[in-house]
Structures are given as C-alpha cells and as structure tokens.
Amino acid sequence: MNLKAQLEIRISDALAAAGAPDGSGALIARSNKPQFGHYQANGCMAAAKALKINPRDLAQKVLDNLDLSDIAEPLEIAGPGFLNIRIKPEWLARRLTEAERDPKLGVPTPEKPQTVVVDYSAPNLAKEMHVGHLRSTIIGDAMARVLDFIGHKVVRQNHVGDWGTQFGMLIAYLNDLAADDPQGTQADAELSDLEDFYRKSKQRFDSDEEFANTARQQVVSLQAGDAATLEAWRKFRKISLSHCSDVYRRLGVLLTDDDVYGESEYNDDLVNVIDDLRSAGLLEESQGAQCVFLDEFRGKGEDDADVPLIVQKSDGGYLYATTDLAGIRYRQTQLNADRALYVTDSRQGMHFTQVFGVARKAGFAKPEFMLEHVPFGMMLGSDRRPFKTRTGGTIKLTDLLTEAEQRAFDLVSEKTPDLDEARRKEIAAIVGIGAVKYADLSQNRASDYVFSWDKMLSMDGNTAPYMQYAYARVKAIFRKAGIDESQAVGQIVLTEAAEINLAVKIAQLPETIHSVSVECMPNLLCSYLYELAGAYMTFYEACPVLKADDPAARTSRLMLCLLTARTIKKALGLLGIDILEQM
RNA sequence: GCGCCCGUAGCUCAGCAGGAUAGAGCGCCGGUUUCCUAAACCGGAGGCCAGAGGUUCGAGUCCUCUCGGGCGUACCA
C-alpha cells in the first residue's frame with residue numbers, strides 16, 4: 001500500500017476511536033512547508049466541528065489512540081488542529097530497500113485488477129494524421145502504460161474513422177488513377193501523401209459533377225458490400241494505416257495494427273443498436289431522423305429546443321453516436337471491460353454525456369461499467385489561435401516530428417559538437433520526440449496549451465530534456481566510479497536533510513501513480529518527476545557521493561542515486577519517453 | 001438563449017477532496033566552475049488568484065451574480 005493511503009487509514013481509524021463521526025477522513029495531504037513535516041492530516045478540524053468541540057482537543061485524543069511510531073516521528077499538533085507528520089528515516093530506508101528489489105519499484109498490484117479499455121488516437125483514415133491527433137495519442141498512450149504497469153488489463157482501442165461518405169470520393173479518385181495507370185505506380189505515388197491525395201480528390205469532387213456522382217455511387221456500393229469497391233477500400237485503408245504506423249513508431253507509441261478496431265467493425269451491428277433502442281422504447285422519430293431524447297437535454301438547445309442524440313439520419317445513414325453505442329456494448333460484452341476511457345478533445349463533452357446516458361438507459365452499459373470521457377484542450381500556436389502552418393494549413397504530424405528532431409539535432413550539435421553525427425542524430429530523436437510528448441503531458445490536459453518549441457526544448461524547467469539530462473547526470477556517477485548498478489547494494493542510512501527529502505520523494509512514486517490512474521492526469525507524474533529531480537539536485541550539491549567521508553555513506557548514497565535513476569527511467573517510461581544513458 | 005470549460009506574477013503554466021506565509025519556468029537582477037556532466041546549481045525582486053456578494057474556524061479551491069474569453073448546442077467526427 002502506498003504511504004499516503006497507509007497514513008490515511010491509520011489516522012482515520014484513530015479519528016474514529018477518538019469519537020469522530022463515521023466517515024471522517026484523516027484528509028492526508030503533502031505538506032507544503034518543510035516545517036510542517038512531510039505530510040499533514042487536516043481531518044481533525046472538520047470532525048471537531050461536527051462534534052462541536054475544540055479541534056486541538058480532538059487532535060490530542062486522536063494522538064492518544066494512535067501509534068504511528070513504526071512510520072513517523074511523534075506527531076505534532078499545530079495551528080488550529082493540524083497533525084504534522086514527519087516520516088522516520090529508518091522507515092524510509094526500509095521502504096527504499098524493498099523498492100530497490102522490486103521491479104515495480106514498490107507500486108502495489110491491485111487486489112482486483114480491472115479490464116480497462118483505453119480508446120485513443122482514432123485518426124480519420126481519409127486523411128493523414130495531423131496535430132489534432134497528437135494529444136489524444138500521447139495522453140492515451142501514457143494512460144495505457146500507467147494502467148498496465150499498475151497491473152490492470154489494458155485493451156487499447158484505436159477507433160479509426162475508416163467508414164463514411166468521404167471514402168466514396170477517395171475510392172472514385174483511386175479508381176480513376178488506376179484506370180489510366182494499370183501498373184498502379186501513379187496511384188502509389190499519390191498515396192504517399194494522403195493529405196495531398198485527399199485535397200485533390202476533394203477538388204475534383206467539388207468541380208466535376210460527373211465525378212461527384214461516381215463518388216456517391218461508390219458510397220452506395222461500399223455500403224452494399226460490392227466486392228470491387230470493398231477491395232479498393234481495403235487498399236486505401238491499408239495504406240492509410242501504414243502511414244499511421246509510421247507515426248506511431250516515430251512517436252514511440254504502443255499502438256499496433258492489432259489495436260485498430262475502427263468504425264467499420266460495427267457496421268453489421270448498427271441496425272441492432274437501432275432495433276434495441278426501439279424495443280427499449282427510447283427511440284423517437286423527429287424531423288425524419290431517429291433520435292433518443294434524454295430528460296437532461298430537454299429544452300437545452302437553441303430556442304429552448306430539446307437536444308436529441310441522433311442515431312440514424314433521415315436518409316437512413318448512421319452517425320458516430322450509433323457507432324459509439326455499438327462500441328460501448330462491444331466493450332462490455334466482448335471485452336468484459338470494467339472501465340473505458342475515451343481520450344478525445346473537450347469539444348466532444350456533450351456527445352459523450354449523451355452517448356453514455358443513452359447507453360445506461362438502454363442497458364448497453366451496466367451501472368458498474370465506468371465510462372469516462374478524458375477530455376483535453378486544444379493545441380494553440382504562439383498567437384493563441386489554433387496551431388496551424390504559417391499559411392493556415394493543417395500541420396502534418398510527420399512534419400512536426402521531423403521538425404522536433406531537427407531542432408533537437410541543432411541543439412545537440414551546439415552543446416556537444418564533438419560527438420559524431422550518427423550519435424547526435426540518435427540523441428536528437430530521443431530528445432526531440434520526448435520534448436514534444438512531455439510538453440503535452442506536463443500540462444493539465446483540461447486547458448488549451450500553447451505550443452512552443454523553445455519552451456519544450458529548454459533545459460530549464462519542467463521539460464523532457466531537463467529530465468533526460470538529470471537522468472544522465474545520475475548515471476554519470478556510476479560511470480565515473482566504474483561500478484555497475486548491481487554493485488550498489490548495501491544499507492541505506494539517511495542522516496542529512498537532503499537525503500531524507502530525496503528518500504521521501506522516491507517513496508512517493510506509488511501514490512503518484514495511483515492518482516494518475518484514477519484521475520487520468522499524467523501531468524501529476526510530470527510534476528512528481530520535476531520535484532524528484534529538484535530533490536536530487538539538492539542532494540547532489542549537498543552530499544558528495546563518491547567522495548563521501550565513510551564507505552557506508554558512499555554505499556547508501558549510491559543506492560539513492562540508483563533509485564533516483566530507476567524512478568526517473570520508470571516514470572518517463574510510463575509517459576512513453578525514452579532516456580539516454582549519456583548526453 | 002442554454003450548456004460545458006477557462007480567467008492565478010510582464011509571459012507560459014502548477015496548485016492534488018476547502019487548510020497554515022499561493023508555487024514553478026521564461027524574462028529581469030545577483031551569486032556559484034582547481035569539486036561526482038555548467039545542457040547545471042543557488043539567491044532576489046515581482047500577486048487585491050477577473051470583479052462583487054455568500055457559506056465556513058478557514059476560500060485561488062464550494063454557491064450566486066456580473067464582466068471577459070474559448071467551445072458546443074439535429075442529421076460531420
């Protein structure tokens with residue numbers, strides 16, 4: 001169990017024994033000032049109010065019913081009734097020793113692991129991946145890694161847009177190219193830039209009425225399951241997916257073709273969704289469309305109109321609401337999911353509120369199946385407008401990543417010009433990609449974020465390069481000493497304040513990861529990393545490691561270095577960011 | 001109109017169930033290198049937490065209203 005949770009339980013019990021009302025929590029928080037200890041319990045004040053007694057008296061009674069001597073120094077009552085908690089060095093040393101032997105660094109495995117679906121990335125296959133897909137892909141991947149590490153069963157679902165009207169247009173254009181070009185070399189060349197391909201076919205669609213009709217015909221035959229059309233569709237889909245795979249590989253994202261479960265997978269089930277909604281008495285026809293009206297959305301539209309969830313268009317076509325409903329049912333019945341995370345931008349908030357609501361009412365999602373929208377804000381340029389190219393076009397993800405690597409390469413070349421070019425390229429890829437990902441993850445996902453190359457590639461502040469450098473610095477000690485990690489074994493003895501503070505930080509990894517998993521907030525892990533690095537730097541300045549006075553201190557400090565390095569590596573790894581042993 | 005999100009230092013952002021003197025980075029001012037990676041470290045200045053009420057022993061955090069911004073609001077995803 002993590003430290004914070006341990007304190008919470010022990011002190012809550014003491015609170016109950018002291019006569020506090022049922023459910024009074026210890027309300028453990030990390031103290032924000034060193035003089036207040038490492039943690040503080042804030043629960044006495046609230047409980048005392050309920051009991052109408054003096055909070056300090058209650059705090060005293062809590063102490064009378066509490067023996068924390070195994071974990072903490074004697075607790076102090078402070079201010080109006082805070083309990084200040086200082087963790088004992090001996091306890092920390094023991095906890096760190098255990099963590100050192102544990103591949104999970106002390107992060108506990110849940111008693112009942114859950115099956116968690118993480119729905120993320122989900123690009124539209126009609127176009128190339130662009131910056132709009134970046135946040136979903138990065139945040140979703142980090143969440144998947146974190147949940148997997150904790151010990152949950154993670155099912156990645158890449159709900160790609162591989163169906164819909166725009167495919168008719170693309171297939172028609174593809175067919176046209178193929179007709180003039182039996183070898184298919186022309187078509188292949190055009191398909192190497194999907195963005196361009198889409199633009200050209202769209203242009204044709206808008207200007208050539210005959211072509212537009214053919215395109216509409218293709219949609220019809222596609223939906224009718226015409227063999228030739230399906231063949232063209234498969235070809236296009238495959239090429240588009242390979243573009244995605246390239247991006248995922250460069251980004252170091254774990255998604256593979258096995259995780260692709262696109263809109264088209266649900267085609268056959270959509271008619272059942274409609275039927276079942278009808279049987280459940282939820283379906284209403286309105287303005288020719290099949291809709292579900294939820295009470296919460298009555299009178300919420302323009303002119304106080306009721307807002308429907310449209311599940312079938314008046315022309316009989318289905319929408320993403322239909323597919324999402326089918327997806328929820330699939331995830332519950334086929335994947336046996338306990339929890340599903342939908343990592344999409346915040347503009348889809350209302351859509352998910354509606355879809356989840358309808359899914360519950362229709363029984364597609366049992367009450368205990370947790371459905372969570374994990375929303376995030378937009379990426380903005382330095383002008384605070386949506387992030388676009390100078391000419392106002394969409395920025396392709398592949399171009400963004402290339403620029404990240406190039407900028408990192410220039411930086412590496414400037415700082416360490418003596419390294420050979422191949423090595424500098426290697427470092428640049430890890431630093432550049434890491435910078436892009438970390439910049440995104442370190443931000444509270446709810447807010448829009450301003451994209452800035454200079455900021456994300458800075459060595460100062462809460463950035464990937466800073467964390468990667470911090471790691472490399474730790475590892476330099478081992479290299480300098482000519483000893484292997486495995487040789488750094490022995491007793492951990494914590495005496496200096498800097499050592500104790502560093503140890504506390506290391507011991508806080510489990511509770512941090514727990515918070516991240518519950519709240520889907522990777523930025524908490526980034527803040528933690530930055531604090532850990534800060535604690536390490538203070539330690540590094542204050543406590544000589546290799547030149548420590550006595551061998552016992554040297555060994556102990558080497559172990560602190562070792563654990564710091566492993567913790568940074570692990571935490572960055574959970575964010576999907578690589579480290580460098582040397583930079 | 002209604003709904004959701006947001007408004008914290010000059011700039012970009014943290015602030016985890018309401019807790020003690022609101023924290024970082026950039027920028028600005030100043031210091032540290034015969035010493036384990038200076039791509040580093042340390043210190044300083046800088047805030048009526050948009051505004052006004054309210055709840056509370058205690059509010060950046062909760063409630064109401066106002067102002068300012070973003071997004072959404074019937075057949076795109």
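So you know, we letter chains A, B, ... as the sequences are listed, proteins then strands, and number each from 1.
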Undergrad: Scan A/K480 against the nucleic acid and name what it touches under 4.0 Å (heavy atoms): base, sugar-phosphate only, or nothing.
TA: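 Counting heavy atoms under 4.0 Å across all strands, the contact made by A/K480 is with sugar-phosphate only.
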Undergrad: P atom, B/A52 versus B/A9: distance in rounded Å?
TA: 16 Å
Undergrad: Which sits closer to the 5' end of RNA chain B, A/M521 or A/V545, going by the nucleotide each is nearest to?
TA: A/M521
Undergrad: I need the OH-C1' distance between A/Y471 and B/A39, as an integer number of Å.
TA: 18 Å
Undergrad: Which whole number of Å gives the distance between the P atom of B/A24 and that of B/C62?
TA: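 Each nucleotide's P atom is 24 Å from the other's.
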Undergrad: Could you pull out all residues at least two apart from A/E499 that satisfy side-chain hydrogen bond (donor to acceptor under 3.5 Å, both in side chains)?
TA: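 Expected list: A/T495, A/R557.
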Undergrad: A/H373 NE2 to B/C4 C1': how many Å, rounded?
TA: 11 Å
Undergrad: Write out all pairs satisfying salt bridge (charged side-chain N to carboxylate O under 4.0 Å, His left out) with one or both partners inside residues 423-445 of chain A, taking only residues at least two apart or from two chains.
TA: A/R135-A/D440, A/E421-A/K425, A/R423-A/E426
Undergrad: What ring-ring contact (aromatic ring centres under 6.0 Å, His included) pairs are there with at least one residue in residues 444-464 of chain A, not counting sequence neighbours?
TA: A/F387-A/F451, A/F451-A/W453
Undergrad: Could you tell me how far apart A/L529 (CG) and B/A14 (P) are, to the nearest whole angstrom?
TA: 17 Å
Undergrad: Please report the distance separating the C1' of B/G23 from the corresponding atom of B/C65, rounded so that it comes out in whole Å.
TA: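 My reading of the C1' atoms in B/G23 and B/C65 gives 30 Å.
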Undergrad: Taking ring-ring contact (aromatic ring centres under 6.0 Å, His included) as the cut-off, I'd like each qualifying pair that reaches into residues 291-325 of chain A, sequence neighbours left out, listed once.
TA: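 Non-adjacent pairs meeting ring-ring contact (aromatic ring centres under 6.0 Å, His included): A/Y320-A/H351.
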Undergrad: Nearest-Å distance, CE (A/M467) to P (B/U37)?
TA: 18 Å
Undergrad: Looking at A/E128 and A/R199, is any side-chain nitrogen of the basic one under 4.0 Å from a carboxylate oxygen of the acidic one?
TA: no
Undergrad: My understanding is that only residues two or more places apart in sequence, or in another chain, count here; which of them pass side-chain hydrogen bond (donor to acceptor under 3.5 Å, both in side chains) with A/D484?
TA: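 Partners of A/D484 under the side-chain hydrogen bond (donor to acceptor under 3.5 Å, both in side chains) test: A/S486.
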Undergrad: Apply salt bridge (charged side-chain N to carboxylate O under 4.0 Å, His left out) to the pair A/E485 and A/K475, showing each step before the final yes or no.
TA: CA-CA 9 Å; A/E485 277 191 18; A/K475 293 312 288 285; 3.0 Å; yes
Undergrad: A/Y261: what forms a ring-ring contact (aromatic ring centres under 6.0 Å, His included) with it, not counting sequence neighbours?
TA: A/Y266, A/Y330
Undergrad: Give me the distance, rounded to whole Å, that separates B/C41 from B/G3 when you measure between the C1' atoms they each carry.
TA: 49 Å
Undergrad: Give me the stems containing RNA chain B, sorted by first residue, counting only three or more consecutive Watson-Crick or G-U pairs with both distances under 3.5 Å; say none if there aren't any.
TA: B:1-7 with B:67-73, B:10-13 with B:23-26, B:28-32 with B:40-44, B:50-54 with B:62-66
Undergrad: Distance check needed: B/C36 C1' versus A/I477 CD1, whole Å only.
TA: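 In whole Å, B/C36 C1' and A/I477 CD1 are 5 Å from each other.
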Undergrad: Rounding to the closest angstrom, what is the interatomic distance between B/A77 and B/G25 at atom C1'?
TA: 36 Å
Undergrad: May I have the step-by-step check of side-chain hydrogen bond (donor to acceptor under 3.5 Å, both in side chains) for A/N462 and A/Y438, ending in yes or no?
TA: CA-CA 9 Å; A/N462 193 6; A/Y438 196 92; 2.5 Å; yes
Undergrad: According to salt bridge (charged side-chain N to carboxylate O under 4.0 Å, His left out), does anything in residues 52-62 of chain A pair up with another residue at least two apart or in another chain? List the pairs.
TA: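 Pairs touching residues 52-62 of chain A that pass the test: none.
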Undergrad: Could you give the CZ-to-C1' distance, from A/F409 to B/A39, as a whole number of Å?
TA: 16 Å
Undergrad: How does each nucleotide of nucleotides 18-28 of chain B score, in 5' to 3' order, for protein heavy atoms under 4.0 Å: base (B), sugar-phosphate only (S), or none (-)?
TA: -BBB-SSSS--
Undergrad: Hey, which sits more toward the 5' end of RNA chain B by its nearest nucleotide, A/I28 or A/Y469?
TA: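 Per heavy-atom nearest nucleotide, the more 5' residue is A/I28.
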Undergrad: For residues A/N267 and A/E265, is any side-chain donor paired with an opposing acceptor at under 3.5 Å?
TA: no
Undergrad: Closest approach to the side chain of A/V450, judged atom by atom: which nucleotide of B/G1, B/U12, B/C35 is it?
TA: B/U12
Undergrad: Using the P atom on both, measure B/A22 against B/G68 and round to a whole Å.
TA: 31 Å
Undergrad: For nucleotides B/G27 and B/A45, find the distance between their C1' atoms and express it as a whole number of Å.
TA: 13 Å
Undergrad: Counting any heavy atom closer than 4.0 Å, what does A/F297 reach on the DNA or RNA strands: base, sugar-phosphate only, or nothing?
TA: nothing
Undergrad: B/G58 and B/C2: how far apart are their C1' atoms, nearest whole angstrom?
TA: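 It comes out at 35 Å once rounded to the nearest Å.
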Undergrad: Sequence neighbours left out, what passes ring-ring contact (aromatic ring centres under 6.0 Å, His included) with A/H133? Give chain and number order.
TA: A/H130
Undergrad: For A/L380 and B/C5, give me the distance from atom CG to atom C1', rounded to whole Å.
TA: 13 Å
Undergrad: Under 3.5 Å, side-chain donor or acceptor atoms of residues 534-549 of chain A against the rest of the protein: list the pairs with distances, not counting sequence neighbours.
TA:
unit_1	atom_1	unit_2	atom_2	d
A/T538	OG1	A/G534	O	3.0

Undergrad: Please encode protein proximity along nucleotides 70-77 of chain B as a string of B, S and -, counting only heavy-atom distances under 4.0 Å.
TA: SS-BBBSB
Undergrad: Looking across every strand, which nucleic acid part, if any, lies under 4.0 Å from A/T416 by heavy atom: base, sugar-phosphate, or nothing?
TA: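 Base: the residue A/T416, judged by heavy atoms under 4.0 Å, touches a nucleobase.
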Undergrad: Just checking A/N523: base, sugar-phosphate only, or nothing, at a heavy-atom cut-off of under 4.0 Å?
TA: sugar-phosphate
Undergrad: Nearest-Å distance, CE (A/M583) to P (B/A38)?
TA: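 One finds 13 Å between P of B/A38 and CE of A/M583, rounded.
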